[in-house]
Amino acid sequence: MAMLALLFSCEYLKKTDERKPVARVNESYLFEEDIKNLVPQGASKEDSTLLVENFINRWATQQLLMDGAKLNLSEEKQSNFNKLVEQYKIDLYTKAYMEALVKKNIDTVIADEEAERYYENNKAVFKLNEELIKFRYVNLDENMINYEDVKKRFERYNDRDKRILDSISIQFKSYSFKDSVWIRLSQAIRKIPAVTPENKEQLLKKSNFIQLKDSLGVYLMQINDVLLRNETAPLEYVRPTINQIVINKRKLDLIRELEKDITKDAVKNKEFEIYK
């Protein structure tokens, strides 16, 4: 009688499942709702059909392999796999929950004093693996009417010159006047095609004015400062890295603190007990 009731119950559940199946492998079903968002908008009928058929065939292959594995793998191995799956599920949930808690509680503001302190205590870590320079440049046509005036102002570069050069920058093919910012030498070379392996050493001389020509025109460059490979990187250059390091350390400290608090609260609220 109990067996009859069980069979009736199973049949009842099958009849009440109103989902429309599109494929079956043994006791596993693929339903329309599983593939309803599979086809992107605007896809042709042919592409849509091919996409759905490929998905169904992949699903069927996976189900057949899964059924075969259940029949042929030892119970011990299946048990180990189930434990791994369960642990992976736990890891996903706890990681997502912890990330949400950290995001809500972490302070991401790094004071200048803290960044400077970290920098001073870890200077040996911040060695350059490539050259840095501070420079400005402008690429222009040598035949432009005011060429000599632009060149003069570019070299002198007082406050008035800065304003005038900025106001006429539309005349330049390319330019950068941010000469107080450290950039990689390789980045500067990419900006200026006229720089070659033979003349690139000119960019590594402090307070050096350079004029180069190529088919695109004339490049005027002023090198303000240089740092060579293996020298200590300046604080302003590595500040983003320091900020990330400090924030990551805060995250680890906060995670440890949250884990302790969660466990402590669970014990206090009698949600967690260890039986002795």
Side-chain angles (χ1 to χ4, degrees), residues 1-108 244-245 247-276:
M1 192 70 179
M3 181 62 72
L4 182 62
L6 179 61
L7 289 172
F8 178 80
S9 175
C10 290
E11 287 298 317
Y12 178 77
L13 287 172
K14 286 181 181 178
K15 288 177 182 177
T16 57
D17 191 339
E18 296 178 354
R19 293 178 298 172
K20 184 178 179 180
V22 293
R24 178 187 66 83
V25 170
N26 295 323
E27 299 303 315
S28 299
Y29 288 84
L30 183 69
F31 296 96
E32 272 191 349
E33 64 184 44
D34 297 321
I35 61 172
K36 67 179 180 180
N37 297 320
L38 187 63
V39 179
Q41 287 186 347
S44 66
K45 184 178 180 180
E46 293 79 8
D47 289 343
S48 300
T49 301
L50 183 62
L51 192 63
V52 171
E53 286 180 351
N54 287 339
F55 182 86
I56 292 173
N57 287 331
R58 284 198 304 272
W59 173 84
T61 301
Q62 289 175 340
Q63 294 302 317
L64 289 166
L65 289 170
M66 187 70 174
D67 289 349
K70 288 178 179 177
L71 287 172
N72 291 282
L73 293 178
S74 67
E75 289 187 8
E76 181 183 2
K77 184 160 283 190
Q78 290 189 50
S79 176
N80 289 336
F81 285 162
N82 287 332
K83 289 176 183 177
L84 289 173
V85 170
E86 186 60 28
Q87 186 59 52
Y88 182 61
K89 177 181 176 182
I90 292 170
D91 291 342
L92 283 176
Y93 274 80
T94 55
K95 184 174 184 288
Y97 179 53
M98 193 58 71
E99 283 177 352
L101 289 176
V102 167
K103 186 176 181 180
K104 182 179 179 181
N105 293 282
I106 195 167
D107 178 11
T108 57
Q244 196 57 55
I245 291 171
I247 288 172
N248 286 342
K249 185 178 182 304
R250 287 181 184 177
K251 283 182 179 179
L252 292 174
D253 292 341
L254 183 55
I255 286 171
R256 282 192 288 267
E257 184 180 338
L258 288 169
E259 287 176 343
K260 287 180 182 178
D261 289 344
I262 288 170
T263 305
K264 190 185 297 182
D265 288 344
V267 171
K268 181 180 178 181
N269 297 326
K270 301 189 182 305
E271 297 169 341
F272 170 41
E273 293 180 80
I274 298 177
Y275 300 112
K276 297 180 180 179

Distance only, no hydrogens: is a donor on one side chain within 3.5 Å (strictly under) of an acceptor on the other, for Ser79 and Asn82? no

Heavy atoms of Leu38 and Leu51 approach each other most closely as O-CD2, 3.4 Å

Does the side chain of Asn80 reach to within under 4.5 Å of the side chain of Leu84, using non-hydrogen atoms? no

Out of curiosity, Asp34 CG to Phe31 CZ, how far, rounded to the nearest 0.5 Å? 7.5 Å

As an exercise, state the distance from CE of Met66 to OG1 of Thr61, rounded to the nearest 0.5 Å. 14.5 Å

Checking Arg58 side chain against Ala60 main chain: does a donor-acceptor pair fall under 3.5 Å? no

Between the side chains of Asn57 and Glu53, does any donor sit under 3.5 Å from an acceptor? no

When rounded to the nearest 0.5 angstrom, what distance separates NZ in Lys20 from CD in Glu33? 13.0 Å

Determine whether a donor-acceptor pair (N or O, by modelled atom type, separation under 3.5 Å) exists between the side chain of Gln78 and the backbone of Leu73. yes

Just do the side chain to side chain donor-acceptor pair (under 3.5 Å) check on Asp91 and Gln87 with the steps written out, would you? CA-CA 6 Å; Asp91 291 342; Gln87 186 59 52; 2.9 Å; yes

Is the closest side-chain heavy-atom distance between Arg24 and Leu30 below 4.5 Å? no

Return yes if some donor-acceptor pair links the side-chain N/O of Asn72 with the main-chain N/O of Gly68 below 3.5 Å, else return no. yes

Return yes if a side-chain donor-acceptor contact under 3.5 Å exists between Asn248 and Gln244, otherwise no. yes

Which pair of non-hydrogen atoms, one from Trp59 and one from Ser28, has the smallest distance, and what is that distance? CH2-O, 3.6 Å

Does Glu271 CD have over 12 foreign heavy atoms under 6.0 Å away? yes

Are Val85 and Lys89 side-chain neighbours, meaning at least one heavy-atom pair lies under 4.5 Å? no

Got a salt bridge between Glu99 and Lys103, using NZ or NE/NH1/NH2 to carboxylate O under 4.0 Å? no

To check you understand the geometry: which heavy-atom pair defines the closest contact between Pro21 and Tyr29, and what is its length? CB-CD2, 3.9 Å

From Ile247 atom CD1 to Ile245 atom CD1, the distance as rounded to the nearest 0.5 Å: 11.0 Å

Output the distance between atom OG1 (Thr263) and atom NZ (Lys268), rounded to the nearest 0.5 Å. 14.5 Å

Could you check whether Asp253 pairs with Arg250 (Lys NZ or Arg NE/NH1/NH2 to Asp/Glu carboxylate O, under 4.0 Å)? no

Please report the interatomic distance NZ(Lys45) to CG(Leu50), rounded to the nearest 0.5 Å. 14.0 Å

